[in-house]
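Written below as structure tokens is the structure these notes are about.
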Amino acid sequence: MRIITFGTFDMFHVGHLRLLERARRAGGHLTVGVSSDQLNYTKKGRNPICNEVDRCRIIKALACVDEVFVEESLELKREYIRRYQADALVMGDDWQGKFDDLADLCQVIYLPRTPSISTTALIEVVQSMPNVGTSVA
Ligand code: C2G
């Protein structure tokens, strides 16, 4: 079974890894759509910390990932699912119910999100560190 999933995967962390590993186990072949920088800006009102070229390189290097492409628009999910011949869409359950309309095209599976870690939390931790922004010369 071929699985597809989508995400920004900015400041790649273990929550992202666990989602991708479980998605791969659900099928045996995993395609990942990595949100473009432009799409991220539209969605979140800020640029990602890591650009799309680097985010794609990291995802491509993972043993659990077979194919990677840049997701240019949230509205193109049907086209991507057809293009990559996905039998199932897997997303974390922060997206619960959001992609149910695609169930006529493929299976839609939501996996439990890994607690206590997110890109936003990582950014806040780094920002709150003493000496951030001062030189260490
Ligand atoms: N995730 C997770 N546990 C976390 C953090 C993230 O399981 N602690 C999952 C999310 O649920 C998502 C994937 O990891 O399935 C990628 O998360 P993000 O990079 O935050 O993706 P997002 O910005 O939500 O983009 O078209 C959909 C979007 O591109 C999804």
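One-based numbering, in listed order, for ligands and for the atoms of each. In this text, all values refer to a predicted model and were calculated from it rather than measured experimentally.
The protein non-hydrogen atom at the shortest distance from atom 24 (O) of ligand 1 is Trp95 NE1, 3.0 Å. Regarding atom 28 (C) of ligand 1, its nearest protein heavy-atom neighbour is Lys43 NZ, 3.3 Å. Of all protein heavy atoms, the one lying nearest to atom 6 (C) of ligand 1 is Arg113 NH1, 3.4 Å. At the shortest separation from atom 11 (O) of ligand 1 among protein heavy atoms lies Asp94 OD1, 2.5 Å. Scanning all protein heavy atoms for the shortest distance to atom 9 (C) of ligand 1 gives Leu19 CG, 3.7 Å. In terms of protein heavy-atom proximity, atom 22 (P) of ligand 1 is nearest to Thr8 OG1, 3.8 Å. What sits closest to atom 16 (C) of ligand 1 on the protein, heavy atoms only, is Phe9 CE2, 3.6 Å.
No donor-acceptor pair closer than 3.5 Å links the side chain of Asp37 to the backbone N or O of Asn51. Arg22 places no side-chain N or O within donor-acceptor distance of the main-chain N or O of Val90, the cut-off being under 3.5 Å. Judged purely by atom type and a 3.5 angstrom limit, Arg82 has no side-chain atom pairing as donor or acceptor with the backbone of Leu105. Counting only distance, with no hydrogens or angles, the side chain of Asp87 and the backbone of Arg2 share a donor-acceptor pair below 3.5 Å.
Listed by number with element, the atoms of ligand 1 under 4.0 Å from a non-hydrogen atom of Lys77 are 26 (O), 27 (C). For ligand 1 and Lys44, the ligand atoms under 4.0 Å from any heavy atom of the residue are 23 (O). Of all atoms in ligand 1, listed by their number and element, those nearer than 4.0 Å to a heavy atom of Leu74 are 26 (O). Close contacts of ligand 1 with His13, meaning ligand atoms under 4.0 Å from a residue heavy atom, involve 5 (C). If you number the atoms of ligand 1 from 1 as listed, the ones under 4.0 Å from a heavy atom of Glu71 come out as 26 (O), 29 (O). Residue-ligand proximity, Ser35 to ligand 1, at heavy-atom distances under 4.0 Å covers atoms 29 (O).
For atom 15 (O) of ligand 1, the choice among Gly92, Gly33, Ser118 with the nearest heavy atom turns out to be Gly92.
Residues His13 and Thr119 form a side-chain contact, since some pair of their non-hydrogen atoms from C-beta on lies under 4.5 Å apart.
Using modelled atom types, one finds a donor on one side chain and an acceptor on the other under 3.5 Å when comparing Asn40 with Thr8.
Considering backbone and side-chain N/O of Met91, none are found under 3.5 Å from N/O of ligand 1. Residue contacts with ligand 1: Thr114 is placed with a nitrogen or oxygen under 3.5 Å of a nitrogen or oxygen of the ligand (distance criterion only).
Heavy-atom contacts from other residues, nucleotides or ligands closer than 6.0 Å to CD of Glu21 number more than 12.
Between Phe12 and His16, the ring planes are tilted. Angles from 30° to 60° get that label. Ring pair Tyr84/Phe69 is parallel by interplanar angle, where below 30° counts as parallel and above 60° as perpendicular.
When hydrophobic clusters are built by joining Ile, Leu, Val, Met, Phe, Trp and Tyr residues whose side-chain heavy atoms come closer than 4.5 Å, directly or via intermediates, Phe9 is grouped together with Leu30.
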